Amino acid sequence: MPMQLRSDALKEKSKMYKLRSTLETLIPYTSETNPFPVTLNANEYPTDLPKEVKDVIIKKLTELNFNRYPLSDSSLRSKIAKEYGLQTENVFLGNGSSQILAALCYAFSDESSSIVYPTPSFSMYNIYAKLADRNGVGVELEEDFKFNPDKFLDVSKKENASLIILCNPNNPTGQVISNTDVEYIAKNSACPVILDEAYMEFYDESAIYLMSKYPNLAITRTFSKAYSLASARIGYILAAKEIITTLSKVLPPYNMNSLSLISAEVVWDMKDMFKERIAGIIAERGRVEKELEKINNFKIYPSQSNFILFKTKDRETTKLIFNKLKEKGIIVRDFSSHPLLNTCLRVTLGTKEENDLFITEISSF
Ligand code: PMP
């Protein structure tokens, strides 16, 4: 018989322990826990790793000394650095780029400054700012989610930004910020400017080349999207040594696990095998966008990523479509509770077959 823990246990404890007030109101990130036949809600790559890649990973894992802590200077770091013409000290790995973004919020903020990012954008920026007990400021995007660099800079100056986070292509809108605008922000900001390029493989106009000119510009990337490796939780940041040293202060020792490091390094070594798969998603993006455009009363936001945001007639319709799709075993991302997106749904591009199922179901609205 399993133990029954009383649900009021934490409440009772809170009388004894001082809990951080931020945590009382913070709503934890949730995503669907049930497996769905058609999973189009988390911007993952729709299929597993290529068999050839998986076989190499499994072979390497059999050679791992499981009793040893991971090496802090993984060879993956130097391989990534070499690819981008950087030094190993300019690359830092994290448990997903999520961990790096959260750590940046801890490392580059204090009571008198703010963490500034556009909104709507990746919802976790705001949560990481709150977790660090910092002032997170979302600067609203313009009509059709266009980025206004002057407005953004004005707000970041007024709010005394100590960290800026931009997302390119932006999740969930799929829109992009031009590298001219990225440069303008980096040039005119006196704090680290983090460019979250989680979806860059689907757009291919990285701002990495700007880093040599602007040492405050840093770029985060992930293996979770284009590289079918969301399960391993591995991402990285490219940044000046000083940013990386500060960042590493707020993370525990032996932060990365060897199993993920091995998996990611094999994927990195074999990354040419992913080119065609990425091109396939881009082709599907064009096709699904066209199909969605045929549906009455939908507004489609052209995407440069592996998902498409679209707007329905009203909030009720959004909820209705979300629930109907769910009944049919298709899960997409519902934004009906988001103040700026409450008539919107976001669909991740799946396999051709999954996309066909989605189009068939949604075309009946
Ligand atoms: N940035 C953006 C914009 C994302 O959408 C996500 C994942 N949804 C992440 C970062 C985090 O990805 P991961 O932690 O898997 O690297």
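In listed order, ligands and their atoms are each counted from 1. This is a predicted model, so every value here is computed, not measured. Numbers for residues simply follow the sequence, beginning at 1.
Between Ser121 and Asn170, the side chains place a donor N or O and an acceptor N or O closer than 3.5 Å (distance only, hydrogens not considered). Residues Thr318 and Thr312 bring a donor and an acceptor atom of their side chains to less than 3.5 Å of each other. Between the side chains of Tyr301 and Gln175, no donor-acceptor pair of N or O atoms lies under 3.5 Å.
Residue-ligand proximity, Gly96 to ligand 1, at heavy-atom distances under 4.0 Å covers atoms 13 (P), 14 (O), 16 (O). Those atoms of ligand 1 that come under 4.0 Å of a heavy atom in Cys167, given as number and element, are 3 (C). Within ligand 1, counting atoms from 1 as listed, the ones closer than 4.0 Å to a heavy atom of Asn171 are 3 (C), 4 (C), 5 (O). The contact set between ligand 1 and Ala198, taken as ligand atoms under 4.0 Å from a residue heavy atom, comprises 1 (N), 2 (C). Taking every non-hydrogen atom of Thr222 and a distance limit under 4.0 Å, the qualifying atoms of ligand 1 come out as 13 (P), 15 (O), 16 (O).
Aromatic rings of Phe152 and Phe147 (six-membered ring for Trp) have centroids within the 6.0 Å cut-off, being under it. Under the 6.0 Å cut-off for aromatic ring centres, Tyr227 and Tyr45 do not qualify, their centroids lying 6.0 Å or more apart.
The shell of residues lying under 4.0 angstrom from ligand 1, judged by heavy atoms, includes Asp196. Residue contacts with ligand 1 leave out Ala230, since none of its heavy atoms falls under 4.0 Å from the ligand. Taking 4.0 Å as the cut-off, Ser224 counts as a neighbour of ligand 1 on heavy-atom distance. Look at Phe223 and you'll find every heavy atom at least 4.0 Å from all atoms of ligand 1. Contact between Arg233 and ligand 1 is present, with at least one heavy atom of the residue lying under 4.0 Å from the ligand. Taking 4.0 Å as the cut-off, Gln99 does not count as a neighbour of ligand 1 on heavy-atom distance.
Ring pair Phe202/Tyr199 is tilted by interplanar angle, where 30° to 60° counts as tilted.
We find that Lys299 and Glu293 are not joined by a salt bridge, their nearest charged nitrogen and carboxylate oxygen being 4.0 Å or further apart.
If you look at Ser98 next to ligand 1, the close heavy atoms, those under 4.0 Å, come from the backbone and the side chain alike.
Both tests hold for Arg346 against Phe307: distance to the six-membered ring centre under 6.0 Å, angle to the ring axis within 45°.
Each of Glu289, Glu284, Glu291 was compared with Arg287 under the salt bridge (Lys or Arg N to Asp or Glu O under 4.0 Å) criterion, and only Glu284 meets it.
Phe122 CZ, 3.4 Å is the protein heavy atom nearest to atom 6 (C) of ligand 1. For atom 12 (O) of ligand 1, the nearest protein heavy atom (residue, atom name, distance) is Ser97 OG, 3.4 Å. Atom 8 (N) of ligand 1 has Lys225 NZ, 3.1 Å as its closest protein atom, hydrogens excluded (heavy atom only).
For atom 5 (O) of ligand 1, the choice among Tyr199, Tyr236, Phe307 with the nearest heavy atom turns out to be Tyr199.
The nearest pair of heavy atoms linking Thr173 to Leu309 is CA-CD2, 3.9 Å.
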